[in-house]
Number of protein chains: 2
Amino acid sequence: MPRRPGPGPRRPTIADIAERAGVSKGSVSYALNGKPGLSEPTRRRILAIAEEVGWRPNRAARALSARRAGACGLALARPARLLSYDPFFPRLLSGIEAELASRQIALMLQIVEDVEAETRALRRWWAERRVDGALLVDLRVVDPRVPVAEQLALPTVIIGGPGPTGKLLYFPGHDAERSRQIVDHLTGLGHRRIDRVAGPSVFAHTQERTKAFREALAEAGAKGGLVSTDYSPQAAAVATKKLLKRSSAPSAIVYDNDIMAVAGLGAVREEGIAVPEELSVASMEDSILCEVVRPSLTASAWDVEAFGARAAHALVQLIDERMEHHSLADGAEPGRYPEEKPALVVRGSTGWAPRARAVSA
Amino acid sequence: MPRRPGPGPRRPTIADIAERAGVSKGSVSYALNGKPGLSEPTRRRILAIAEEVGWRPNRAARALSARRAGACGLALARPARLLSYDPFFPRLLSGIEAELASRQIALMLQIVEDVEAETRALRRWWAERRVDGALLVDLRVVDPRVPVAEQLALPTVIIGGPGPTGKLLYFPGHDAERSRQIVDHLTGLGHRRIDRVAGPSVFAHTQERTKAFREALAEAGAKGGLVSTDYSPQAAAVATKKLLKRSSAPSAIVYDNDIMAVAGLGAVREEGIAVPEELSVASMEDSILCEVVRPSLTASAWDVEAFGARAAHALVQLIDERMEHHSLADGAEPGRYPEEKPALVVRGSTGWAPRARAVSA
DNA sequence: CTGAAAGCGCTTACAG
DNA sequence: CTGAAAGCGCTTACAG
């Protein structure tokens with residue numbers, strides 16, 4: 001008893017087309033999928049009818065028979081409040097989405113509280129065949145998602161991973177290079193004491209940055225302290241004041257994201273310290289925010305959209321390889337992307353180290 | 001020839017369970033869905049096996065037979081750059097997502113360039129049965145999505161719509177009330193000339209705000225100009241300087257979002273005008289950014305997550321009604337939400353109007 | 001070159 | 001209370 005849910009135009013199936021064309025459903029399927037085994041006139045006739053009635057494949061049916069969901073999953077373990085002021089995720093999402101959409105692959109998004117919930121989402125999606133693969137962000141130093149993805153044999157790409165992690169594909173997020181660029185910029189301006197207000201040390205990319213910072217400082221004969229935070233502006237303000245009160249006060253402070261840098265700027269001002277004359281400030285993440293505040297913030301910029309697109313493309317390839325046969329997607333382009341190059345955007349918040357300036361003056 | 005894609009643990013089907021339990025697939029289905037017609041022991045045995053093997057329904061199969069996708073669509077017509085500094089969307093998304101996830105409904109997200117692309121996405125999703133319904137944001141005064149959704153009979157909820165629009169369900173975003181609160185706050189501080197740097201006038205919510213602003217100003221015997229922008233901080237800075245140079249310069253400026261307010265703050269400072277002593281500044285959207293800048297920004301705050309959740313819940317109900325039978329989702333809660341109340345958060349950027357202060361001093 | 005049939009994994013009337 | 005069967009809309013070997 002095929003009940004029609006609600007009114008509205010009927011959405012045609014291959015059976016409808018087959019009937020109108022006077023052929024079998026199989027022939028319609030062959031025509032629609034460009035497979036051989038049909039006379040040219042028949043093929044044309046079928047395609048014309050499909051076009052006319054506005055046929056589109058029922059994805060559930062196709063997924064069921066192709067054993068492929070036509071979707072990828074991204075679970076974000078970030079509370080909404082935090083998400084709302086992080087410029088990284090929307091851009092990443094946008095890049096991922098653009099790449100997947102170009103191949104008619106859907107993005108399954110879930111925003112959860114913690115990694116455990118994310119792990120559960122991965123398991124469920126995979127068990128229900130809701131996704132063909134998954135993207136992992138914010139990799140932790142010890143991350144429960146990695147063994148789970150491996151055990152499930154779930155095609156997975158780690159975004160911003162620190163390096164080869166077991167069997168999963170990873171896409172490093174240039175953290176080391178970007179750290180080095182910032183440190184080099186500052187030491188080049190004569191800074192010898194560069195502190196950092198960092199994100200949580202549980203994240204692999206935080207560690208990655210810390211390591212690169214340390215190395216770059218050492219190479220330049222400079223020093224620097226570190227305070228870990230939860231990425232919140234409140235924590236950044238507290239950390240900033242703490243650093244400024246130390247006996248070995250810094251002449252520059254680097255913040256792991258833009259919102260912390262802005263909060264730091266406010267805290268510095270409240271201490272009556274001039275930026276950049278007495279203290280330089282820089283952000284590890286660039287955003288419109290860095291342009292807008294006064295003084296505008298020197299920040300590490302890179303093409304996050306392109307990065308997301310590359311990662312998504314890699315995932316799609318991985319899935320294709322696993323399936324051993326290509327293209328559920330009709331007419332996907334063989335997307336080739338150059339690797340994005342991070343570049344420091346120097347703005348008003350960084351300047352000569354106080355002593356160095358005195359010397360150069 | 002059932003080919004297994006890749007290695008990894010086998011994902012069991014009801015056929016596997018039926019075999020192990022020594023019953024038919026139909027019985028397994030009944031047990032799993034809590035339908036009557038099975039002895040208690042049989043039911044228990046089946047459920048125990050399902051639990052043991054970690055069975056989860058294949059969503060494609062279920063969708064195909066239930067004629068229901070188990071997913072809702074949200075297409076965002078916003079360039080990535082813009083998305084990345086708008087605090088509204090991540091919060092809205094988070095609220096929507098939380099509500100849908102609690103009912104095991106997936107969110108299909110697509111970020112597109114313009115409304116036309118969004119309209120195409122709606123058509124395609126519906127034609128492919130990828131979604132059971134859709135959420136529309138950023139409604140325009142003349143919006144091509146509305147007639148299309150109506151014509152398709154696509155269950156649709158308009159988020160932040162201005163009022164009843166044809167047959168579609170809408171959720172007003174408190175724009176009028178929030179406008180009024182800001183104006184009342186400022187006129188209460190003695191301001192008699194309150195300008196506004198607004199978003200694009202093509203949006204229905206911009207018009208909504210404009211209308212409410214005008215009314216509230218008139219009620220208080222105050223006046224105000226308006227400059228339309230594209231929401232960008234650059235445009236906000238230009239608009240601010242333009243307003244400040246007018247012969248009838250304002251004593252307060254309201255910005256339609258937080259990032260424009262911050263940019264405005266910078267522009268005001270560059271003109272050598274003190275905030276809030278000489279000019280008050282307020283934002284129509286609250287975010288962490290408003291807390292973090294100096295002076296911190298008075299802003300209109302409301303529970304965007306709850307709003308998103310309410311809208312998503314309404315959509316699910318709408319879909320359920322259309323399907324005339326409930327719950328593809330197992331065990332959905334009958335979510336009840338109080339309507340969120342907007343409230344102005346008064347911070348450092350607004351104060352007495354210069355003249356009023358002189359009088360009160 | 002074309003049609004009939006089986007199968008993807010589930011649900012649901014319909015017989016026993 | 002239980003099983004066998006048909007169907008959701010597609011794909012794909014397999015006969016003709």
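Residue numbers start from 1 in every chain, and the chains themselves are labelled A, B, ... in the order their sequence lines are given, proteins ahead of strands.
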Shortest side-chain distance from Val23(A), nucleotide among dC10(C), dT12(C), dG3(C) = dG3(C)
CZ of Arg62(B) versus P of dT12(C): gap in Å, rounded?
-> 9 Å
Under 4.0 angstrom, heavy atoms only, what part of the nucleic acid is Lys25(A) near: base, sugar-phosphate, or nothing?
-> base
Can you check the Arg68(B) CZ to dT12(C) P distance for me, whole Å?
-> 12 Å
Length of the line joining Ile14(A):CD1 and dC8(D):P, which is rounded to integer Å = 12 Å
Spell out, as yes or no, whether a donor-acceptor pair under 3.5 Å connects the side chain of Arg129(B) to the backbone of Ala127(B).
-> yes
Within this structure, what is the CD-to-P distance between Glu40(B) and dT2(D), rounded to whole angstrom?
-> 11 Å
Here the distance between atom P of dT12(C) and atom OH of Tyr30(B), to the nearest Å, is 8 Å
Asn33(A) side chain: which of dG9(D), dT11(D), dT11(C) is closest?
-> dT11(D)
Charged N to carboxylate O below 4.0 Å: is that the case for Arg68(B) and Asp320(B)?
-> yes
Does some side-chain heavy atom of Gln104(A) sit less than 4.5 Å from a side-chain heavy atom of Arg124(B)?
-> yes
Candidate nucleotides dT11(C), dG9(C), dT2(C), ranked by approach to the side chain of Arg129(A) - the nearest | dG9(C)
Between Ser29(A) and Gly22(B), which is nearer to the 5' end of DNA chain D once each is assigned its nearest nucleotide?
-> Gly22(B)
How is Ser39(A) classified with respect to the nucleic acid when contacts are heavy atoms under 4.0 Å: base, sugar-phosphate, or nothing?
-> sugar-phosphate
The Watson-Crick or G-U wobble partner of dT2(D), with both key distances under 3.5 Å, is dA15(C)
Picking from dG9(C), dC10(C), dC8(D), which would you name as closest to the side chain of Pro57(B)?
-> dC10(C)
Any idea which of dT2(D), dG9(C), dG3(D) is nearest the Ser65(B) side chain?
-> dG9(C)
